[in-house]
Structure formats: structure tokens, C-alpha cells
Protein chains: 2
Amino acid sequence: MKMSGGVEWALHCCVVLSGAGAPVTAAKLAELHDVSQSYLAKQLQLLSRAGLVRSTLGQSGGYVLTRAANEITVLDVVEAIDGAQPAFRCTEVRQRGPMAVPAERCDTPCPIARTMDSADRVWRESLRRVTIADLIADVNRTTAPEILAGAREWLRA
Amino acid sequence: MKMSGGVEWALHCCVVLSGAGAPVTAAKLAELHDVSQSYLAKQLQLLSRAGLVRSTLGQSGGYVLTRAANEITVLDVVEAIDGAQPAFRCTEVRQRGPMAVPAERCDTPCPIARTMDSADRVWRESLRRVTIADLIADVNRTTAPEILAGAREWLRA
DNA sequence: CTGAATCCGGATAACTGTTGTCCGAGATTC
DNA sequence: GAATCTCGGACAACAGTTATCCGGATTCAG
């Protein structure tokens, strides 16, 4: 049970992107967070494919959020990077072996699958309730103002 | 994001074990579910190490549940097989790069980690609320009585 | 007491998915 | 037209999962 590490990077990128008014290049985002540039580019492509960011090509190009920060949920980012598939996949064990239940009697999912699906739903619901704007508000509250100003300045240069 | 496939097998085994009065061997459990015997043996070892089942050695040995079915939660099994580590691991990105926040200012976890931890908690809480006894009750309600009796008989032989 | 059956633990290999890198094609700005 | 930048795909390295096998210890049946 492990979520892709790219999710953390992507969320940090969304927070930064929301603060910057102009497009930010993948190289700058990678340097700011001290992560692999080529690999971060792949995560940004996933965000782009999911419609969360828009990329502008050419010189002075880069990435921009497509929506306001309070209209992008953490779940949006998680599903863009990690996929929307649930962690548990029922393989219909009950239909196998010498005491197999015939397929035509298996109209409802087995109770194990239902339990897992239910847990998956509350997990996603919990992530849906938090937006990028919430994260930003939290960052602004807990980190020193001079660091925030410094980062904004570094990004512009 | 993928849970170990062994979780599904282990849960099915717990359901079966609860119905059988006598110890059941790993070979029988594997044949009943039509899965690899050697690999299922490893999952059973994990259950044993977690204290959910007890193994009796020697001829006519096998596995038995250590507690009543209503005192074993689905979460117990999931954590025994898949580990108790949360899916998201914060790598403290904020402490890296040219605009790194000094470690001494990072007394509280970053908002991203808090969001993920919160979602992880509700997920686990949801799984903790369902016990093996609940699964059994569901199985008894939804599957034909003759199949249940047949399985019990097959297990005894 | 002997032999058969069983679990345990480690070593090992195949497979899958993640992580990470690189480069050409196409687009934009100056 | 030249420089810069993103996009997408191809590809390699790595880690974790899945699966198998075997020797050793233990227990029960005869």
C-alpha cells in the first residue's frame, strides 16, 4: 500500500503555481523543490492531461493553474497522478475452487469487496473536502512571512 | 496505490476458519480457494505473527482463529498482511531547495501531510468498524444454504 | 518408537509497477 | 529566423510484489 511519491511533488507545485501570477517552468519548480527535473516533468504532464494545469509553450512559457485554488481539491491531484483506481481489487475468489459459487448467483459484490469499497469512498471523500486554497491558507499561517516573500521573489527572477 | 492481493485471501481464510471447529491446514485452504499453496502459506504466517490465528504443528495440525469472529476486524487483517504504514509518506519537501524552511521552524507537520493523515485515519476507522463476524453474517444471508453446507462438509473430509 | 504429516523460516526467481533519464518534434516569443 | 520551452514517447534502473522450493523442528498416529 503505497501512493506514488509524485503526488507530494504535484501538490507542492499546485501551491506554488497558485501564488505565482505568471507561468512557471518545470525546471524552476524542480529546482525550488530540489527534485529530479525530468521526472517532475512527467508529473506535470499528468496534471496537464487531467486538466488541472495548462501549459504554454515557447519562450517565457510554463505552467499555470486552470482554475482558482479553491476549486481544485487534493483528491483531484491524487487521482491525476496516482490514478482513480481503488487500492483493493476483488478477484472473485468465491467463484473458484471446488466449492465455487456459480457466476449467475453472484449478482451482488461479495461483502469483502463492499467493505473495501466503502472505506475507499470515505477516504476519497475526505480528500475531496480539502482544496489547494485550504493548503495555502495553512502555509501562510504557519510559515514565517519573510520566507514566503523570499520564495515569491526567487520565483520571479 | 495498490493493496497486497494477499489481503483478499487472508480475509477469505478468516471467514472459513471461523466456520470450521477443527484446525484447517494451509493446503486445504489453498485448494478451497484455488490459489497458490506456498504463497498462501506465507500470508498465513503473517496472520500468525500478528496473533490473529494460532498454528498447531504435527499431524492433524493446521490453523485456528485465536479470538471470536466478532473480535477480529477487517483492519486487523489488512494491517497484518499489508503493514500498518500509511500510504502517504511526507518527505519534507519544504526543507529542501534554495528556499528551504529551516528544520527548527518545522515543529508541526506540513498541511499536505496532515490532510493525507486525516484521510488515512478515516479509511482505517471505516475498516475497523467491520468484523469477520459481519462478513460471515453477510455471506450467510446472500449465498445458497446448500453451498455453505457443502463447503463445511468438504472442509471436514 | 518410528514414520508421516505439518508449520516455520530463509533463499531465490519471475514478474510488475514505480522511478528516473533522455531526446526529437512541435510551438511560441523575441 | 533563432532561441527557448513544453510535450510525448521510448527506454533503463530499481523496488516491491508474487510465487516457488527446501531443510529443520514439532507433533500425532500406528
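To find a chain, count down the sequence lines: A is the first, B the second, and so on, and within it residues start at 1. Quick note: numbers below take in every heavy atom, side chains included, and nothing from hydrogens, waters or symmetry partners.
- Rounded to whole Å, atom P of C:dG17 lies 13 Å from atom CG of A:Asp82.
- A salt bridge is absent between B:Asp117 and B:Arg121: the closest approach of a Lys/Arg side-chain nitrogen to an acidic carboxylate oxygen does not fall below 4.0 angstrom.
- Within the structure, every side-chain polar atom (N or O) of B:Ser60 is placed at least 4.0 Å from both OP1 and OP2 of C:dT6.
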Pairs under 3.5 angstrom only: tabulate donor-acceptor contacts from the side chains of residues 45-60 of chain B to other protein residues two or more places apart or in another chain.
from    : atom 1 : to      : atom 2 : distance (Å)
B:Thr56 : OG1    : B:Gly62 : N      : 3.3
B:Thr56 : OG1    : B:Gly62 : O      : 3.4

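- Counting only heavy atoms from C-beta outward, the side chains of B:Pro109 and B:Cys90 never approach each other to under 4.5 Å.
- Atom CD in B:Glu31 sits roughly 16 Å away from atom C1' in C:dT6 (whole-Å rounding).
- If you take NZ of B:Lys28 and C1' of C:dT6, they are 14 Å apart, rounded to a whole angstrom.
- Going from atom CD of B:Gln59 over to atom P of D:dC28 covers 10 Å, rounded to whole Å.
- Of all nucleotides listed (D:dT6, C:dC8, D:dA19), D:dA19 comes nearest to the side chain of B:Ser36.
- Neither OP1 nor OP2 of D:dT6 sits under 4.0 Å from any side-chain N or O of A:Thr56.
- C:dG20 atom P lies 14 Å from atom CD1 of A:Ile81, rounded to whole Å.
- A 4.5 Å side-chain heavy-atom check between B:Trp123 and B:Val78 finds at least one atom pair inside the cut-off.
- With hydrogens and angles disregarded, no donor-acceptor distance shorter than 3.5 Å links the side chain of B:Gln43 to the backbone of B:Trp9.
- Look at A:Lys2 and you won't find any side-chain N or O under 4.0 angstrom from OP1 or OP2 of C:dT16.
- One interatomic measurement links the two molecules: CE of A:Met1 to P of C:dT18, which rounds to 13 Å at whole-angstrom precision.
- An OP1 or OP2 oxygen of C:dT19 is reached within less than 4.0 angstrom by a side-chain nitrogen or oxygen of A:Ser4.
- Taking 4.0 Å as the cut-off between side-chain N and carboxylate O, B:Arg128 and B:Glu125 count as a salt-bridged pair.
- Across residues 37-54 of chain B, B:Ser38, B:Tyr39, B:Lys42 each have a non-hydrogen atom less than 4.0 Å from an atom of DNA chain D (numbered order).
- A:Ala26 comes within 4.0 angstrom of sugar-phosphate atoms only, judged by non-hydrogen atoms across all strands, and of no base.
- Rounding to whole angstrom units, CZ of residue B:Arg89 and P of C:dT18 are separated by 14 Å.
- Residues A:Val74 and B:Met116 are in side-chain contact: their nearest non-hydrogen atoms beyond the backbone lie under 4.5 Å apart.
- With rounding to whole Å, A:Leu57 atom CG is found 18 Å from C:dG24 atom P.
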